[in-house]
Amino acid sequence: MVGVGEGRVALVVGGASGIGEATVDELVRRGWRVVVADRDAEGAERVASRITASGGAAHAVTADVTDTSSVVAATRDAAERWGRLDAVIPCAGVIDPSPSDTLEDASLLRMLDIHLVGTIRCVRAAFPYLCEAAEPAIVAISSVAAHIGTPHRLSYTAAKGGIEAVVRTLAVEWAPHGIRINAVAPGWVKTPMITQAIDEGRLDAGTLEALSPFERLAEPVEIAGAIAFLASPAASYVSGTTLLVDGALTVRGPWPQGVVPPPVRRREN
Ligand SMILES: NC(=O)c1ccc[n+]([C@@H]2O[C@H](COP(=O)([O-])OP(=O)(O)OC[C@H]3O[C@@H](n4cnc5c(N)ncnc54)[C@H](O)[C@@H]3O)[C@@H](O)[C@H]2O)c1
């Protein structure tokens, strides 16, 4: 478990599942100590116990990003666990697809509360601790859906676009404190959020795969690698940016007419 991140402490909010859980694993693999926060207390405990059982350092806390006092208490707990906090990764999220013209206030406000205000609550609570860290970093989670027109995702895309704007603002405002802040915008990723929607027939796997020139969804670990890079001192001059991790989905253009593209090489797992 010895690695370049040895000694550093990260708080991963939404760390009980999907991209958050993969990020916990990736950071531990790189030698970080990780506090796993989630509103799913059992899930956070399960992830932390799994890490501890395999020789890593992890600690579980319960946090609901829609509740400021819960986030503040969890962040304090995280910072006190090992006496420092070097990075915070607000990764909690849900999807709630609905047509925009009939979107109800309650649903709209809930999505903005979880994703946009939730991210702000997490980074605001972490600020005093990050100010004490040697190389502090924040990595927020946006989505490719904030970069392409995504029907029936009005509240989600509004929140994710907002997160990217927050990243730009805080990159400037908190630079004097040495804090870097960036976002990762994943394409579609094989997490419970997506696989459940596929299983329930709300999303079509083939349609999502066809969006990327690689003709596949991302594995959570492929997003976690980008998050871990941005959290680490290897990204010491990267701030205020959003890194698209979308398998070239957003830059896709047409092949010239008459050219048959070669078959896509399948990835070996
Ligand atoms: N999976 C994708 O294709 C994809 C693509 C782009 C962006 N994202 C974003 O990545 C992030 C993680 O999503 P995922 O796919 O890993 O989903 P996931 O459902 O696997 O994990 C989300 C986690 O967030 C937690 N959570 C939800 N609401 C919470 C709250 N109020 N307070 C605390 N924790 C809460 C859940 O308990 C869960 O552990 C989300 O912000 C999502 O919007 C996902």
Side-chain angles (χ1 to χ4, degrees), residues 11-26 35-48 60-75 78 88-97 109-122 125 139-148 150 153 155-164 166 183-200 202-203 205 207-209 211-212 216-224 226-227 242-247 249-250:
L11 169 61
V12 180
V13 185
S17 174
I19 294 170
E21 181 175 0
T23 300
V24 172
D25 287 335
E26 183 64 24
V35 178
V36 186
D38 207 288
R39 74 173 169 190
D40 172 5
E42 266 179 39
E45 196 55 63
R46 177 185 50 78
V47 172
V61 295
T62 308
D64 185 333
V65 299
T66 65
D67 176 357
T68 296
S69 57
S70 159
V71 171
V72 167
T75 308
V88 61
I89 297 146
C91 203
V94 295
I95 42 169
D96 183 16
L109 294 173
R110 177 171 162 268
M111 286 299 277
L112 293 173
D113 198 24
I114 295 173
H115 287 274
L116 178 57
V117 187
T119 296
I120 294 171
R121 287 189 185 101
C122 291
V139 186
I141 312 299
S142 178
S143 169
V144 79
H147 293 256
I148 55 175
T150 312
R153 295 286 191 281
S155 51
Y156 185 77
T157 54
K160 293 302 192 186
I163 287 171
E164 294 188 16
V166 165
V184 164
W188 274 266
V189 190
K190 275 191 230 160
T191 68
M193 177 187 278
I194 296 301
T195 51
Q196 215 174 318
I198 291 171
D199 291 346
E200 291 168 5
R202 289 182 283 118
L203 282 174
T207 305
L208 297 182
E209 284 163 7
L211 288 170
S212 161
R216 66 176 179 87
L217 274 64
E219 299 294 336
V221 66
E222 295 179 285
I223 312 303
I227 294 170
T242 295
L243 177 58
L244 280 151
V245 186
D246 68 348
L249 183 159
T250 45

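Both counts, for ligands and for their atoms, begin at 1 and track the order of listing.
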Taking non-hydrogen atoms only, is Ile194 closer than 4.0 angstrom to ligand 1 via side chain, backbone, both or neither? side chain
Judging by distance only, is a nitrogen or oxygen of Lys160 under 3.5 angstrom from one on ligand 1? yes
With a 4.0 Å cut-off on heavy atoms, is Gly43 in contact with ligand 1? no
Check whether Arg216 reaches the backbone of Glu209 with its side chain - one donor and one acceptor, N or O, closer than 3.5 Å. no
Ile163 vs Thr242, side chain to side chain contact (heavy atoms under 4.5 Å, CB included): CA-CA, chis, key distance, verdict: CA-CA 10 Å; Ile163 287 171; Thr242 295; over 6 Å; no
Audit row: Asp64, Arg121, salt bridge (Lys or Arg N to Asp or Glu O under 4.0 Å) steps and yes/no: CA-CA 10 Å; Asp64 185 333; Arg121 287 189 185 101; over 6 Å; no
His115 side chain vs Val94 backbone, donor-acceptor pair below 3.5 Å: yes
Is Ala145 touching ligand 1 with its side chain, its backbone, both, or neither, if touching means heavy atoms under 4.0 Å apart? neither
So how far is it from Leu211 CG to Ile148 CD1, rounded to the nearest 0.5 Å? 6.5 Å
Please confirm whether Ile19 comes within less than 3.5 Å of ligand 1 when only nitrogen or oxygen atoms on both sides are compared. yes
Correct closest heavy-atom pair for Arg153 and Leu203 would be NH2-CD2, 3.8 Å
Around atom 8 (N) of ligand 1, find the nearest protein heavy atom and jot down its residue, atom name and distance. Tyr156 OH, 3.5 Å
If you have a sec, work out which protein heavy atom is nearest atom 12 (C) of ligand 1 and how many Å separate them, to one decimal? Cys91 O, 3.1 Å
Got an N/O contact under 3.5 Å between Val65 and ligand 1? yes
Is there a polar contact between ligand 1 and Thr191, counting only N or O atoms under 3.5 Å apart? yes
Starting from atom 13 (O) of ligand 1, which protein heavy atom do you reach first, and at what distance in Å? Met193 CE, 3.6 Å
Can a non-hydrogen atom of His115 be found less than 4.0 Å from any atom of ligand 1? yes
Is the closest side-chain heavy-atom distance between Ile19 and Cys91 below 4.5 Å? yes
Heavy-atom distances under 4.0 Å decide this one: backbone, side chain, both or neither, for Lys190 against ligand 1? neither
CD-OG1 distance between Glu164 and Thr119, expressed to the nearest 0.5 angstrom: 11.0 Å
Is Ser142 in contact with ligand 1, taking contact as a heavy-atom separation below 4.0 Å? yes
Atom 36 (C) of ligand 1 has as its nearest protein heavy atom Asp38 OD1, 3.4 Å
Which residue owns the protein heavy atom closest to atom 20 (O) of ligand 1, what's the atom, and how far is it? Ser17 OG, 2.6 Å
For ligand 1, is Glu21 a contact, meaning one of its heavy atoms is under 4.0 Å away? no
Starting from atom 31 (N) of ligand 1, locate the nearest protein heavy atom and write down its residue, its atom name and how far away it is, to 0.1 Å. Asp64 OD1, 3.0 Å
What's the spacing between Leu109 CG and Ile114 CD1 if we round to 0.5 Å? 11.5 Å
For ligand 1, is Gly187 a contact, meaning one of its heavy atoms is under 4.0 Å away? yes
Of all protein heavy atoms, the one nearest atom 33 (C) of ligand 1 is Ala63 O, 3.1 Å
Are Arg46 and Asp38 ion-paired here, with the side-chain N under 4.0 Å from a carboxylate O? no
Report the nearest protein non-hydrogen atom to atom 26 (N) of ligand 1: residue, atom name, distance rounded to 0.1 Å. Ala92 CB, 3.8 Å
